[in-house]
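Below: one structure, written as structure tokens.
Sequence lines set the chain letters: A, B, ... in the order given, protein chains first and strands last, and positions in each chain run from 1. The figures that follow rest on heavy atoms only: side chains count, while hydrogens, waters and symmetry mates do not. These numbers come from a predicted model, not from an experiment.
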Number of protein chains: 2
Amino acid sequence: MIPSENRLAEEYGVALATMRMALKQLVDEGLLDRRRGTGTFVKQPAFRADLFRFFHVHDVEDPDVPVIPESRILSHQEVALPADVKQAFGEESVSHCIKLERVRLWSGDPLLFEEIYLRLPDFNGLMSLNPKAMGPLLYPVFLEEFGILISSATDELSFGTATKASAKHLELATGAPVAAIQRIARNPAGRVIEFRRVHGRPERFRYRVTLGDQPA
Amino acid sequence: MIPSENRLAEEYGVALATMRMALKQLVDEGLLDRRRGTGTFVKQPAFRADLFRFFHVHDVEDPDVPVIPESRILSHQEVALPADVKQAFGEESVSHCIKLERVRLWSGDPLLFEEIYLRLPDFNGLMSLNPKAMGPLLYPVFLEEFGILISSATDELSFGTATKASAKHLELATGAPVAAIQRIARNPAGRVIEFRRVHGRPERFRYRVTLGDQPA
DNA sequence: GTCAACCAGTTCTCTAGAGAACTAGACTTA
DNA sequence: TAAGTCTAGTTCTCTAGAGAACTGGTTGAC
């Protein structure tokens with residue numbers, strides 16, 4: 001809880017209405033929460049919401065329950081930028097980045113295989129982190145360990161065929177049909193932070209997204 | 001252009017600051033546009049933006065250009081509600097609805113086959129409309145002919161197999177793999193207005209969506 | 001004809017304050 | 001103990017107005 005609008009206005013030497021406008025702005029940005037008769041509170045990072053915010057793959061059996069599959073990081077290494085990643089990161093990108101490989105499983109069966117490219121030097125120090133300790137979702141780790149906030153992501157879905165690597169980890173034949181997602185994730189300034197290639201087993205794959213203004 | 005805040009406040013018998021708050025609210029809702037030194041304007045329905053707003057299928061060759069394929073309405077008829085449509089529309093739904101069948105083509109080749117279910121009685125009178133005169137996008141027609149605004153839609157993507165109908169119009173064999181989208185579209189109040197089942201030829205199919213706060 | 005200066009009209013930012021609506025906790029009473 | 005009452009403190013809504021910042025058009029000088 002932060003001080004009342006009265007105290008804050010006094011403290012900062014501005015009029016009450018001005019302070020109220022400033023507070024309203026922060027409420028609109030989702031940083032504060034005000035309750036009449038109670039006070040103004042710093043909004044807890046709504047992690048329950050944030051967890052699902054960028055993770056829209058649903059189970060084919062029960063599409064109303066968002067799925068967060070078990071996560072298994074296979075490798076993390078510093079690599080030269082592949083061409084498509086370099087293009088996504090833009091001109092000012094350096095020559096190397098960090099690559100993670102990860103498999104996601106659902107009730108024991110592999111569902112997704114991910115190749116994740118993270119921008120350097122933003123993620124300096126990630127190589128010394130224990131990938132097994134990261135948990136099923138990366139974006140909270142980005143925020144807590146590196147102060148990097150992912151605020152938007154563009155997903156592009158298409159049909160593809162399994163590469164040697166994705167086939168191996170999804171237990172498919174090389175060249176078998178897969179669901180392909182390419183994700184470009186950005187911080188609030190629009191800077192590309194992450195590039196991700198995902199292959200998914202088609203029979204279990206479902207992707208849900210809501211466009212436009214969410215009804216209350 | 002609408003009258004100045006001064007005139008409006010006078011006319012409605014409220015204080016200037018109150019009128020300003022009301023106007024700001026309408027600006028936040030995207031209905032008005034204010035320019036300092038100039039005036040306040042009713043926002044033109046941004047149709048260029050709206051056109052693409054709910055149409056996120058991209059060409060596989062050049063993914064940066066949003067695709068609006070040629071549209072060909074095959075049939076429109078009044079039918080009994082199928083079970084899944086009834087569930088989407090909710091309990092208070094009536095027993096019948098309007099069903100459109102449509103094919104979308106890209107450079108002559110069929111790309112998407114759509115079965116579109118529209119709620120009655122909202123769309124009373126659509127049956128007497130000439131479907132050929134509708135143009136490639138339905139939502140502007142909904143707005144102009146029926147005063148119905150689509151403000152959000154939930155898409156669910158998965159892999160499926162061609163039905164007899166979709167196979168025929170996509171020039172595939174029945175049972176061939178297809179991209180499947182199920183769309184539920186709502187008006188600003190959250191009422192389900194449209195239910196849509198889409199099948200797409202997999203090799204040309206690409207779906208792009210941006211989640212989170214769009215960077216400026 | 002061109003350009004600068006001016007001006008009326010507009011929105012934007014900020015001040016100052018009154019009263020209503022609401023909440024959480026303290027207090028009283030049965 | 002339990003339920004109702006009160007109260008201080010909070011946010012919310014609205015009034016009233018001054019001055020700054022900006023825009024589009026008009027006027028005037030050259």
Side-chain angles (χ1 to χ4, degrees), chain A residues 1-53 140 143 149 151-152 186-191 210 212-216, chain B residues 1-53 143 147 149 151-152 186-191 210 212-216:
Chain A
M1 177 171 174
I2 67 173
S4 76
E5 51 187 29
N6 271 313
R7 282 190 63 85
L8 286 173
E10 193 180 351
E11 189 171 332
Y12 286 92
V14 298
L16 191 61
T18 308
M19 180 53 70
R20 256 204 341 260
M21 278 194 280
L23 291 170
K24 179 170 189 321
Q25 204 167 322
L26 294 172
V27 169
D28 286 345
E29 290 174 22
L31 298 174
L32 290 181
D33 201 17
R34 314 193 75 191
R35 275 173 256 157
R36 166 164 10 183
T38 308
T40 304
F41 301 83
V42 177
K43 215 168 184 179
Q44 300 293 359
F47 262 88
R48 244 191 78 67
D50 279 359
L51 291 183
F52 299 113
R53 187 165 177 196
L143 186 59
L149 174 66
S151 73
S152 76
R186 296 181 168 82
N187 68 7
R191 177 181 168 88
T210 296
D213 307 317
Q214 250 69 254
Chain B
M1 179 171 175
I2 67 173
S4 74
E5 52 186 29
N6 272 312
R7 281 190 64 84
L8 286 172
E10 194 180 348
E11 189 169 333
Y12 286 92
V14 300
L16 191 62
T18 307
M19 181 54 67
R20 259 206 338 262
M21 279 194 278
L23 291 170
K24 180 172 189 322
Q25 204 167 319
L26 293 172
V27 169
D28 287 345
E29 290 174 23
L31 299 173
L32 290 182
D33 202 17
R34 313 194 76 192
R35 277 173 253 155
R36 180 193 318 214
T38 306
T40 304
F41 301 83
V42 177
K43 216 169 183 177
Q44 299 293 0
F47 262 91
R48 246 193 79 67
D50 279 359
L51 291 183
F52 300 113
R53 187 167 179 194
L143 187 58
L149 174 67
S151 74
S152 76
R186 295 181 170 81
N187 68 7
R191 176 181 170 89
T210 297
D213 308 318
Q214 252 68 254

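The distance from atom CE of B:M21 to atom P of C:dC12 is 14 Å, rounded to the nearest whole Å. Rounded to whole Å, atom P of C:dT23 lies 13 Å from atom CG of A:D33. What separates NZ of A:K24 from P of D:dT10 is a distance of 22 Å, to the nearest Å. Distance, B:E10 CD to C:dG9 P: 14 Å, rounded to whole Å. As rounded to whole Å, 13 Å separates atom P of C:dC12 from atom CD of A:Q25. Between A:M1 atom CE and C:dT23 atom P the separation is 14 Å, expressed in whole Å. Taking atom CD1 of A:I2 as the reference point, atom P of D:dG9 lies 18 Å away to the nearest angstrom. Here the C1' atom of nucleotide D:dT10 and the CG atom of A:L23 are 12 Å apart, to the nearest Å.
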Between the protein and nucleotides 16-21 of chain C, which nitrogen or oxygen pairs are less than 3.5 angstrom apart?
| residue | atom | partner | partner atom | Å |
| --- | --- | --- | --- | --- |
| C:dA21 | O4' | A:R36 | NH1 | 2.8 |

Check: protein-nucleotides 5-8 of chain C nitrogen or oxygen pairs below 3.5 Å:
none

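A:T18 has a side-chain polar atom (N or O) that falls below the 4.0 Å cut-off from OP1 or OP2 of C:dT15. Between D:dT11 and A:T40, a contact under 4.0 Å exists linking OP1 or OP2 to a side-chain N or O. OP1 or OP2 of D:dT11 sits under 4.0 Å from a side-chain N or O of A:R34.
Of all the heavy atoms in B:L32 and B:T40, the pair that sits closest is CD1-CG2, 4.0 Å.
Nearest to the side-chain atoms of B:T38 among the listed nucleotides D:dG24, C:dT10, C:dC14 stands D:dG24.
Here A:R35 pairs with A:D33, A:T38, A:F41 under the side chain to side chain contact (heavy atoms under 4.5 Å, CB included) rule; sequence neighbours left out.
Interatomic distance, NZ of A:K24 versus NZ of B:K24, reported as 5.0 Å (0.5 Å rounding).
Both A:R35 and A:M19 sit near DNA chain C, but only A:M19 has its closest nucleotide nearer the 5' end.
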Quiz: residues 1-16 of chain A side-chain donor-acceptor pairs under 3.5 angstrom, not counting sequence neighbours:
| residue | atom | partner | partner atom | Å |
| --- | --- | --- | --- | --- |
| A:S4 | OG | A:N6 | N | 3.4 |
| A:S4 | OG | A:R7 | N | 3.3 |
| A:E5 | OE1 | A:R34 | NH2 | 2.9 |

